[in-house]
Each structure stands twice: as C-alpha cells, then as structure tokens.
Number of protein chains: 2
Amino acid sequence: MNARSRSCRRPWGPGFAALSALLATAPAACQAPGQVASPDGRTVVTVETTDGGLFYRIDRDGAPLVLPSRLGFALRGAPDLRDGLSIAGTNRASVDETWEQPWGQVRTVRDHHNELRVAVEETSAPGRRFEVVVRVFDDGVGLRYVVPDQPGLAEVVVDDELTEFAFAENADAWWIPSDRPRKDRSEMLYSRSPVSVLDSVQTPLTLESPSGPVMVVHEAHLVDWPRMFLAGDQIEERTLRAALAPMVDGVKARRATPFETPWRTIQIADRVEDLQPSVLALNLNPPSVLDDTSWIEPMTYVGIWWGMHIGVNSWGSGPIHDATTDNTLRYLDFAADNGVGGVLVEGWNVGWDGDWIANGDVFSFTEAYPDYDLERVAAHARERGVALIAHNETSGGLANYESQMDSAFALYESLGIRAIKSGYVIDTIPGGHSHYSQEMVRHHRRVLETAARHGIMMNVHEPVHDTGERRTYPNMMTREGSRGQEYNAWSGDGGNPPEHETILFFTRLIPGPMDFTPGVLDILRTDPDGRERAFHEPRIRTTVAKQLALYVVLYSPFQMAADLIENYEGHPAFEFIRTVAVDWDSTRVLEGAIGDHVVVARKARDSDEWFVGAITDEQGRTFEVALDFLDADGDYVAEIYADGPGAHWVDAPLELAISERAVDSNTTLSLVLAPGGGQAIRIRPAG
Amino acid sequence: MNARSRSCRRPWGPGFAALSALLATAPAACQAPGQVASPDGRTVVTVETTDGGLFYRIDRDGAPLVLPSRLGFALRGAPDLRDGLSIAGTNRASVDETWEQPWGQVRTVRDHHNELRVAVEETSAPGRRFEVVVRVFDDGVGLRYVVPDQPGLAEVVVDDELTEFAFAENADAWWIPSDRPRKDRSEMLYSRSPVSVLDSVQTPLTLESPSGPVMVVHEAHLVDWPRMFLAGDQIEERTLRAALAPMVDGVKARRATPFETPWRTIQIADRVEDLQPSVLALNLNPPSVLDDTSWIEPMTYVGIWWGMHIGVNSWGSGPIHDATTDNTLRYLDFAADNGVGGVLVEGWNVGWDGDWIANGDVFSFTEAYPDYDLERVAAHARERGVALIAHNETSGGLANYESQMDSAFALYESLGIRAIKSGYVIDTIPGGHSHYSQEMVRHHRRVLETAARHGIMMNVHEPVHDTGERRTYPNMMTREGSRGQEYNAWSGDGGNPPEHETILFFTRLIPGPMDFTPGVLDILRTDPDGRERAFHEPRIRTTVAKQLALYVVLYSPFQMAADLIENYEGHPAFEFIRTVAVDWDSTRVLEGAIGDHVVVARKARDSDEWFVGAITDEQGRTFEVALDFLDADGDYVAEIYADGPGAHWVDAPLELAISERAVDSNTTLSLVLAPGGGQAIRIRPAG
C-alpha cells in the first residue's frame with residue numbers, strides 16, 4: 001500500500017501533540033500525504049509502505065538520489081517493528097527562522113525547512129505505533145523516529161535500527177572504518193571507495209557522485225542513543241544500513257517510551273565547495289539551554305603538550321616532567337605577552353606514573369603533582385588574563401571521572417579555570433561496551449551538563465563524533481575525533497600525508513570543529529639526540545605556510561599553537577598565529593576538491609578583518625583569488641604568508657615568504673602553493 | 001651480522017650449481033657482497049642479516065624505497081626459518097639479452113638485469129640452508145627463495161612465507177580486498193587507501209607515492225605454490241607481508257626439496273605512464289617450452305554470451321537456449337563475413353540445467369545439448385575459417401574436469417577447435433581449499449600443459465592471477481580475474497563506474513592481458529519487456545566511443561566483440577571493431593592518471609597501422625596527441641571514432657562522430673572526450 005493512496009487524518013495521542021507544539025508554525029493543510037519537498041522544491045522525500053514494510057526515498061531535481069530504503073527497528077524481547085506496518089496519517093509544518101550563534105563559522109543561521117510527520121502503526125496486534133519525522137531543507141534532509149508512550153510499550157530494547165540508505169548511484173565514499181579489531185576509534189587516514197564495496201564505516205560519510213550531487217551522511221542531536229556507523233554488504237549493492245555501536249550484550253539501545261532517536265541526516269550540495277559551512281546538524285538540534293553564554297570565548301592557546309609527543313618531556317613525574325609550576329608560568333607569560341588566549345597543561349594531575357591506559361581509576365582530577373602548584377599557577381593565569389585549560393584524561397574510567405567531576409569542576413571554577421581538555425584513550429569502556437555506545441553518549445552528556453553548570457568550556461579528545469551539541473550547549477567548543485597533528489610526532493606510518501587536511505575539511509570537519517592543533521613550525525624537528533628527522537621517519541609533511549593556513553581552513557573555536565613556545569620566539573611566522581581570528585562572521589569556500597586542495601575565506605566576527613587559508617596536497621597549485629568579498633569602498637592591507645621560492649614539503653618545508661600589499665575588492669591575488677604547501681593571508685583595513 | 005662484513009665464498013651443493021647453470025652469463029667477480037644494483041644504477045637492493053634475521057631493502061636514487069624487510073618461512077612440524085640466520089656467501093650474474101614474443105603488447109623484450117644469489121644458513125642445528133635470489137632490472141626487482149635438497153630437509157610444510165614489504169613512504173594503494181567472507185574472487189571495484197590502513201589485499205597492488213616513484217607489487221612464475229596476497233596491520237604501519245592463499249588445514253604450501261618459490265616482484269617507474277607495457281614478469285618466467293607456436297593466433301571474437309547476461313537467453317536448455325546449432329551457424333557466418341576471428345559458444349554442453357554453481361561434477365565437456373550439433377558446427381567453422389571457442393565451465397569441479405580434459409581436448413583437436421574459455425565460478429575448491437591455493441595453481445598448470453599438447457589456446461575466467469605464464473606457455477592467451485563487462489548487465493551496484501577501466505589499465509592489466517569483453521554498443525539496452533534501462537539500474541556507464549577505445553586500451557590477444565551480433569549489423573561503429581588489431585609490435589602510453597584517464601598508441605604487428613585509444617572517467621577531457629610516432633616519411637589516414645556533440649555517459653551515450661582525415665608524423669590531433677567517453681582511432685597508410 002502506498003501512502004499517496006490514503007487519506008490524511010490527524011495522528012494519535014498526547015505525545016504527538018506535545019512534540020508538534022515545538023514546531024514554530026502550525027501544520028500546513030493536509031495534502032500530498034507521504035511526500036515533502038525542500039523550500040526550493042529540488043529535494044523531495046517520500047515515505048511509503050510496500051508489502052507492509054516502511055520505506056523512504058529521496059529525489060533531487062526529479063531524479064532518484066536515494067532509492068526506497070527501509071525504516072524500522074529490530075527489537076529484543078518483542079517482535080521487530082518492520083513488517084505489517086501502515087501509514088495512519090501525516091502532519092506537516094514549515095519553518096523559516098534565522099538564529100544567531102554565540103560563536104561559530106557563521107554568525108547567523110537560517111533554519112528554513114518543511115516537515116512531514118508520518119504516523120505509522122502495526123496493522124495487527126500488538127498494534128504498536130511510532131512516527132517518522134522528516135525535515136527537508138535546501139541543503140539536506142533529516143529523518144528521525146519518535147516512539148510515543150503507549151499501552152504495552154513502556155520500554156524498548158533495540159537490537160538494530162533498520163534504517164537504510166539505498167543510494168541511487170554507486171558514489172565514491174571517503175571513509176574510515178569502524179569496528180576494527182584493534183584501535184576502534186576515529187584517528188585514521190581516509191580511504192576512497194565505491195559505496196558498493198564498503199564494509200563498516202564511520203560517519204560523517206562524504207559521497208562524491210560521478211553524475212549527481214555530493215552528499216554527507218551523518219546524524220544530528222545524538223542524545224541517549226548509540227553512535228551510528230554505516231555498514232554495507234560489500235557485494236555489488238549500493239545500500240548502507242545504520243549500524244549502532246553496541247553494548248557488551250549486543251543491545252544497541254534501551255529506552256523508555258516516549259523517546260525520539262537522533263536525526264539521520266543527508267546533507268546535499270551541488271558542489272563540494274557548497275558543503276561548508278555546514279549548518280544542517282545545528283538546525284536539527286534544540287536551541288541553547290544556557291541563559292548566559294557571555295562567559296564562553298573562542299581562543300587560541302598554547303600548551304604543555306608537544307614536548308611529550310616528541311619524547312623530550314613526560315606526562316608523568318620525573319626529570320623531564322613538563323607540567324611544572326615554573327614551566328607553566330613561562331607559558332602563561334608567553335601567552336599574555338602575545339595575545340594568545342589560553343594555556344593547556346597536560347600531566348599536571350596525579351595518575352600518569354603507572355600503566356594508565358584503559359586504567360582510568362588511577363587519575364585524580366584535583367590533586368596536582370608536587371612540582372605543580374595549581375593555586376599559584378591559576379592565580380598567575382587570572383592575573384595575566386590568560387585562560388588556564390585543565391587537562392582531564394579519563395582513560396575510560398567513566399565512574400572515576402563522574403564521581404570526581406562535580407567537585408573537580410567546582411574547584412576549577414573557584415580557581416577561574418573555565419576550560420577543560422578531556423581525553424578517552426580507550427577502545428571499550430568499563431563493562432566492555434563500545435567506546436561509542438549509548439552508555440558513552442550518556443556519559444558525555446552528563447559531563448557537558450556538569451561543565452555548563454560550573455561555567456566550563458569543553459574540548460573533548462577521543463570523543464563521540466560531533467552531532468551539533470554546540471547549539472544546545474554552547475560550552476561544547478571543540479573536539480578531536482580524527483587524526484591530528486600528534487601523529488606527525490610518532491606515527492609508524494611516517495605522519496599525516498600531504499593530502500590529509502584537504503580530506504578532513506570535507507569529511508570530519510563537516511559536522512563541527514576539530515581540535516587538530518596546527519602550527520608546528522619546527523618541521524625538521526631536532527630529536528633529543530640532536531638529529532634531524534629522516535624523510536621516512538615520523539615528521540610533519542607540510543610546509544610552514546601550510547601550517548599557518550590550517551588556522552583558517554580547519555575551523556575550531558579553540559585553536560592551538562601546538563609547537564613548543566621556544567620555537568615561536570622570534571619566528572616571523574608566529575605573527576600570523578598571534579593575529580588570526582578564531583570566531584567568524586561568515587565563511588566562503590572559494591575552491592575545493594577532496595584530497596586535492598581547499599581555499600577558504602573567513603570574515604572575523606565583530607571585525608573588518610578577513611583571513612584566507614589555502615592548502616594543497618603533494619601537488620603544487622596556483623589559485624587566482626578575487627577579493628570581491630571585501631567591502632567595495634574599503635582599503636585593506638594583505639599580510640601574506642606564502643611558500644617561499646623552492647619550498648617543498650619533502651626537502652624545503654621551511655621556505656617562507658612574508659609580504660604585505662595594499663588590496664581592495666577589485667584585487668585578484670595569485671596564490672602560488674608549493675607541493676605540500678599552503679598560504680595564509682590576513683586582510684586588515686588600511687591605516 | 002651484516003653481509004658486508006663477511007668474505008664471499010662459493011655456495012654449497014649440486015642444486016645451487018644446477019640453478020646457476022641456467023644463468024645466461026657466468027657469475028661476476030665477487031665484490032660488494034649483499035648488494036646489487038640495476039643496470040642503470042638507480043635501484044640498489046641490499047640483503048643482510050640483523051640479529052640473526054634476514055632482511056632486504058631497496059634504495060632508489062640514493063633514497064630508501066623499501067626499508068629493511070624480513071625474509072624467511074614459518075614452517076609446520078619444523079622450526080621456522082626466521083632466526084639465527086647468517087649469510088654464507090654470495091654469487092653474481094648479469095644478463096642482457098633480447099627475445100621475441102610470439103604475440104603480445106610488444107614484439108621484442110629486453111631482459112637486462114643483474115643478479116645476486118645469497119646463500120643463507122642457520123648458524124646452529126639443524127643448520128638448514130636456502131638461497132635468496134635477487135634480480136634487479138631498470139624497471140624493477142624480482143626476489144625469490146630457493147631451497148636446495150639437503151640432509152634432513154626432504155620436504156617443507158609452509159605455514160607462512162615471512163616476506164615483508166616495508167615501504168619507506170605511506171603510498172596510496174589501489175586495491176581490491178582478499179579473504180572476503182563471501183565471493184572471495186577478484187571481480188571487484190577498486191579502492192584507494194594509504195598503505196598503512198590496508199587489511200588484506202590482492203596483487204598486483206599499484207602504489208602511488210606522494211614523493212617518489214610508482215610501484216607495483218606482484219609475483220612472477222607462480223608454479224606449485226599458492227597465490228600471494230598482501231596483508232597489513234591497519235595500525236599506522238607501512239609494512240605489508242606476504243599472505244599466501246591457504247589450503248583447508250591452514251597449510252599454505254607443501255613442497256619437496258629442491259624447490260624455488262615464485263618471484264616477488266616490485267615494478268618501479270618514475271611515472272604511471274611508464275608502467276605499461278610491463279615486461280618484468282615475463283623476464284622472470286622461463287622461455288617457451290613449446291617448439292611450435294605457429295598455431296597460436298590472437299583474434300577478435302564474437303559469442304553466444306551477452307544474451308544470457310542480460311536475461312534474454314539461457315545457458316541451460318529450453319525455449320531461450322542460446323547455444324543452438326542454427327544460432328551458432330549464424331554467429332559463425334557473421335564472424336566469417338566480418339573478419340572476426342572466432343566464435344565463443346557458452347551453454348553448448350550438458351550440465352547447465354540444475355544448480356551447477358559450486359557443483360561442477362554436473363558438467364560434461366564432450367556431450368552437447370540435443371539442439372547443438374557440435375560436429376556440424378565445428379565443420380562449418382572449419383569451412384568458414386573461423387575459430388570455434390569451446391566453453392568449459394568447471395564450477396570448481398576440478399577432478400571432474402581433469403578426468404575429462406584429455407579426452408575432451410582430443411575431441412576438440414579432432415574437430416579443429418583450438419581455443420577454450422574455461423570458468424571457475426566458486427569461492428573454495430572441493431576439499432575446502434582456497435580458490436587461489438597451491439592445489440588450484442597446480443590444477444591450472446595441468447590444464448595448461450594438457451591444452452598445449454592438444455594445440456589449444458586458453459582463456460581462463462575466475463583464474464588465478466597472471467604471473468607471466470604466457471612466456472613459457474604461449475597458449476596461455478588471456479584471462480579474466482577482474483570485474484568485466486558482464487557486471488554492466490546485472491550488477492546490483494548499477495554497473496562499472498566510468499572510472500573503472502582507467503583503474504584497470506594501471507592495476508589488473510599490468511601483469512598481463514584481460515578478457516574484459518568490450519564493445520557493447522546497445523548501451524541503453526532494451527530489456528525483454530521492451531523497456532529502456534533507468535539510470536540507476538545496471539547499464540553500461542560509458543559512451544559508444546569509449547567502448548571502441550577499450551579495444552586499444554585494455555590489451556587482450558583474444559578480444560571479444562561482446563554485444564549481440566544483431567546490434568553490430570549496420571552499426572557504423574562496428575567498422576572499428578572489424579579492423580582493430582589484436583597483436584602489437586609496440587605500445588606507448590601517451591597520457592595516464594589512475595582513475596582519471598588513459599591514452600595509448602599501439603602499432604599493429606606485421607603492419608604499418610597504428611591504433612590510438614583514449615578513455616576518461618566521468619570528467620570530459622581534451623588531449624593533444626602528437627602523432628610523432630608515425631614514420632617520418634609516411635602519409636596516413638586517420639579513421640576517428642569520437643564522442644559526438646553533446647555525448648555524455650548519463651544521458652547521451654550513443655552520440656558518435658566518425659570522421660576521416662589525412663595525417664602524418666607532424667600532425668597533432670585534438671581528442672575531445674565526453675564525460676564517461678573515449679576515442680578510438682585507426683591510422684592506416686594512405687592509398
């Protein structure tokens with residue numbers, strides 16, 4: 001039976017009515033049941049039943065984009081919600097509103113969508129009911145399940161979410177695997193494959209189609225539900241299915257009714273350049289629950305960090321312990337003297353001296369090492385107006401962290417510490433549940449809420465992926481969840497390849513910011529033994545100019561200057577890091593090709609300054625960049641940090657050419673990028 | 001202990017002496033033990049021991065290409081040949097000779113290499129000995145083990161070959177997986193990943209380095225040994241290790257001494273365009289054992305085949321049985337009338353009427369279906385001078401095939417049938433051994449030898465991969481072993497993507513020819529119900545001109561015109577298929593980028609004609625092709641089959657523009673390829 005053939009009637013129950021009340025506008029008149037189009041009319045989603053199964057499909061410009069794809073649940077201890085389903089009614093709404101972000105890649109966000117709510121019920125006993133809610137924006141689709149409170153369905157135990165994505169074309173996917181036997185996290189290099197050969201992969205999954213639009217499959221508003229992966233059959237099919245991160249007993253989710261699932265999202269764009277800045281997930285998250293966000297501040301930061309990764313310092317106590325009082329005071333003074341907003345200190349707290357990996361109970365989050373005077377350091381930070389960033393490595397000791405966090409965060413609050421970098425260096429959490437299971441998602445939300453109560457901003461490493469939480473909790477600043485700079489310090493594969501960040505921009509960075517930690521200028525770094533790195537050893541595979549460009553390209557509201565501060569002292573490139581903005585009014589992707597290059601221009605928030613970042617893979621490239629985004633009547637000065645003559649990521653990564661020139665909106669700049677290079681430009685009003 | 005620190009002495013034993021005698025020149029004077037360079041001096045291989053382990057490494061232009069990589073064996077029922085090893089001596093040879101192929105991509109092949117034989121022995125009991133033989137060519141390296149007959153080592157049971165490939169750079173690999181839980185064959189679309197994330201992949205494995213040369217890892221002279229896969233750890237390492245296809249008990253190989261393993265090969269080129277034509281594997285195979293090769297003839301062929309794949313005909317008996325006497329006579333007449341060399345007939349023999357997959361004992365290779373008069377058909381083929389190609393689907397029934405093959409091949413010989421297309425549609429062979437195990441390799445060699453005795457040329461589908469057998473047995477014409485045209489008929493992923501063949505050229509086609517079966521012109525094919533294919537249904541994702549270009553790009557000595565012959569009747573594009581050569585004097589890759597495009601020029605053997613084939617992925621491209629390869633004093637006519645105005649693989653694949661123009665060696669042709677398109681050019685002497 002097809003939804004189109006049925007008449008439309010009001011759905012059932014108080015749960016539905018309450019949810020409907022959240023909508024900004026009243027449901028539209030009932031028409032064309034089962035189908036809903038984007039405001040621009042290009043994208044049409046249809047929900048329908050076939051042989052008692054529930055399916056959705058997506059058409060774009062009249063051609064199929066997603067073929068009929070199953071919806072439903074496999075349940076434990078109850079019949080699956082899969083067969084014998086019928087559509088009991090539909091309901092519609094439209095929203096067009098603009099809201100402002102407290103910080104972000106763009107200041108204002110337009111939420112313009114049409115919504116269809118489809119009431120589904122079993123045609124025979126037990127006659128259970130649920131809803132599918134579809135929101136269609138010009139830039140993509142969100143789809144979620146709502147399971148109301150109803151007789152005989154007080155709780156569901158979800159074995160699998162049956163949501164499918166049956167792509168009409170065998171697009172090329174940029175992917176990292178999930179469910180790896182070892183190191184089941186997200187810090188991996190990307191592969192590119194046709195959808196039809198994928199096994200189990202992580203989202204966001206970016207799909208480049210040979211003939212159609214580009215798509216990003218992901219999720220939004222992930223609360224009290226496991227993270228979604230995507231799984232394929234690897235045998236000549238274009239269908240991926242939702243694969244939820246499991247708990248140790250194989251159960252994916254346990255929920256009492258009523259509940260709603262995260263949104264399954266498909267962002268759609270004609271060109272890869274149109275994927276960023278991405279606001280689809282933000283629009284699918286609830287507005288901020290924080291009344292006062294004035295204490296939340298994007299910033300650059302330096303930190304006691306890189307020395308440990310390159311092996312000249314240690315987290316634990318001893319002769320090369322890095323987090324000492326004196327060293328921290330030195331970092332605080334450096335930050336204050338250079339307008340750097342914060343100082344991260346890793347290894348300050350007791351717990352690092354044994355085998356701490358996956359043994360998180362060893363950590364105290366309040367007790368400092370004897371050579372680290374927390375009170376004195378915090379007082380100096382307050383005095384110098386620098387944000388001290390506390391590091392909380394949990395190593396997966398969730399109970400240990402949760403038992404301490406309220407008092408620890410209160411201590412930090414009392415000391416003026418308003419930011420935490422947390423860490424979860426584990427593959428499974430205690431109990432054996434997945435690092436991405438419902439349990440873990442719950443934990444992260446508890447931490448985030450507690451942090452908000454104590455006025456603390458979060459930067460989470462080894463996190464669950466970004467699903468737009470920052471709209472609701474604007475203290476959720478940034479996170480890792482991909483392969484960052486530290487792999488250039490020690491990775492057995494030699495470090496991130498030159499193309500790496502050009503892929504990250506179109507994959508990991510789509511849903512939200514990443515704490516990549518750019519800005520290591522000592523590229524041919526000297527080891528403790530005084531030896532320069534050989535080419536095949538772990539090292540940074542970019543030029544210096546590309547390290548600077550990453551500040552503009554890889555968005556993060558906390559943006560680290562990751563090198564040892566002694567490598568910044570007197571370095572002419574540091575001037576760019578000192579002056580680059582971290583909060584943006586608007587963002588424009590000028591050029592882009594996944595795995596090849598990215599050119600981005602961003603206007604600083606509450607400022608007339610613009611910044612341009614351009615990066616390339618191992619190929620040298622030239623870009624003609626028209627500055628027509630500048631005010632037509634403005635005169636500007638461009639401070640240009642370019643690859644110098646002969647610069648090359650292999651053997652001349654330090655060649656840097658810094659210049660200044662007068663520019664205006666009629667200027668076209670020719671950006672010449674070396675192999676593995678980049679260019680960073682600050683454009684400030686003249687005079 | 002390092003090989004360089006030891007004096008050089010003659011190795012041991014009669015086995016070694018016998019093998020040495022095979023070398024074309026006497027061993028060079030003993031010097032620089034453990035190291036051997038290519039004739040051009042650019043590539044240097046070093047074999048040495050470290051802490052009792054045996055390692056090789058490869059440097060290119062003074063920089064590391066392969067870091068120290070382990071050599072040895074894990075054995076069953078005996079200590080591993082891995083530790084406590086020392087180098088007992090070395091021996092050298094150099095070869096520079098040119099030999100002629102009976103057919104091929106090039107007529108003459110130069111074998112110019114330096115060889116190092118390293119004698120290895122255990123320093124303590126049992127004191128076993130083996131050799132590592134390295135041959136270094138300008139275009140790559142071959143490396144094999146030789147295990148001599150020796151006291152206490154009459155047989156070895158190999159659990160694993162420990163050969164490693166520790167790449168100095170984390171290159172990008174173009175790969176298909178091995179060891180898949182289902183469909184463990186080679187008919188898959190390619191992925192691209194950094195080496196460091198690979199799990200288990202097939203060879204040939206083509207590696208594009210961001211900073212160095214391109215490499216292809218493969219093997220040569222695979223006899224009585226399992227096929228080699230490559231396996232990685234997926235965790236930030238650049239080392240792949242040999243992973244041999246197993247027998248059901250996990251044993252990889254059982255061999256009596258003396259024996260030698262296949263060569264492990266690393267082809268090396270500065271540019272991808274220099275990878276083809278590849279002769280490394282040919283040079284590492286023994287010369288032909290066939291005295292008379294005059295009966296071996298490359299050819300184009302048509303066949304009773306595509307109708308089954310698109311569902312309008314059947315292999316088995318019944319109303320749509322394709323392999324009838326009348327239909328075959330029709331195909332034979334068509335071939336004879338059009339200068340097409342052969343006619344393949346599938347479904348002629350008894351066995352197709354039940355569930356034959358992995359149930360190969362059902363097949364007879366001599367008994368025809370009642371509606372197929374084998375004698376009459378064969379007589380007509382002889383009369384019309386057309387080669388009848390017998391189809392032998394074994395479905396993995398190795399014993400059934402081997403028990404029949406001598407008499408079947410004798411029958412074919414008596415009927416003038418001189419070619420077989422065989423098939424092995426199975427994932428494991430009877431007994432549970434891998435489809436690529438030592439047992440299977442042995443089977444293929446037995447079939448090939450039997451065929452040679454009966455004057456029969458082989459075209460093997462679902463084969464073990466090509467390791468250069470055609471040098472020794474020039475009746476080993478072509479094989480499948482990759483995803484061919486038939487996937488465009490029925491594959492659930494919609495068919496081969498436009499980039500597919502541009503990848504095949506630089507991967508699957510490197511070691512040898514492939515029976516891809518191009519030339520389907522009815523691209524928007526009509527189904528039995530009269531309906532044109534929708535875009536997301538299985539269909540051919542190229543233009544007509546690209547189908548023609550594949551005859552030049554994808555080398556095969558048996559080159560099928562795969563469409564139903566009624567689709568060729570009166571089609572202007574068929575003239576190119578009628579006239580294209582299938583045997584070549586020389587081959588030049590003019591342009592190439594893996595996954596993007598290929599432009600190839602080939603000179604026909606014993607002819608003054610040249611052919612140019614150009615193909616592209618989903619991007620339209622223009623190539624300027626200078627015809628400076630033509631004779632400087634010659635006048636030629638170019639017959640050009642180009643994408644027509646508005647041609648596009650999505651919605652205008654049939655647009656074809658055929659033209660003729662006078663050309664000479666000063667001409668530059670501008671080849672305009674449509675998205676998903678191609679161009680095919682025949683250049684013949686004028687007049």
Report yes if the side chains of B:Glu237 and A:Asp493 come closer than 4.5 Å at any heavy-atom pair, otherwise no. no
So CD of B:Glu187 and CD of A:Glu236: to nearest 0.5 Å the spacing works out to 8.0 Å
Does the A:Arg238 side chain pair with the main chain of B:Gly492, one donor and one acceptor, at a distance under 3.5 Å? yes
Under 4.5 Å, counting heavy-atom pairs only, tell me which of B:Pro497, B:Ser211, B:Gly676 racks up the most with chain A. B:Ser211
Taking only Lys NZ, Arg NE, NH1 and NH2, and the carboxylate oxygens of Asp or Glu, determine whether A:Glu499 and B:Arg192 approach each other closer than 4.0 Å. yes
Between A:Asp617 and chain B, which part of the residue has a heavy atom less than 4.5 Å away: side chain, backbone, both or neither? neither
For A:Arg60, give me all partners under side chain to side chain donor-acceptor pair (under 3.5 Å), at least two apart in sequence or on another chain. A:Thr43, A:Asp270
Given B:Gly494, B:Pro210, B:Ala173, the one with more heavy-atom pairs under 4.5 angstrom with chain A than any other is B:Pro210
If you look at every heavy atom in A:Ala168 and B:His536, which pair is closest and at what distance? O-CB, 3.2 Å
Contact between B:Phe535 and A:Pro64 at the side-chain level, heavy atoms closer than 4.5 Å - yes or no? no
B:Leu189 to A:Asn170 - nearest heavy-atom pair and separation: CD1-ND2, 3.4 Å
Shortest non-hydrogen contact from B:Tyr190 toward A:Pro194: O-CD, 3.2 Å
I need the single residue from A:Ser191, A:Ser193, A:Pro177 that forms a side chain to side chain contact (heavy atoms under 4.5 Å, CB included) with B:Ser193. Which is it? A:Ser191
Against chain A, label B:Asp172 side chain, backbone, both or neither, depending on which of its atoms sit under 4.5 Å from a heavy atom there. side chain
Go through the structure and list residues passing salt bridge (Lys or Arg N to Asp or Glu O under 4.0 Å) with A:Glu480, not counting sequence neighbours. none
Using heavy-atom distances under 4.5 Å, tell me whether B:Ile176 contacts chain A through its side chain, its backbone, both, or neither. neither
Is there side-chain contact between A:Glu208 and B:Glu618, with at least one heavy-atom pair below 4.5 Å? no
Picking from A:Gln619, A:Glu169, A:His648, which has the most non-hydrogen pairs under 4.5 angstrom with chain B? A:Glu169
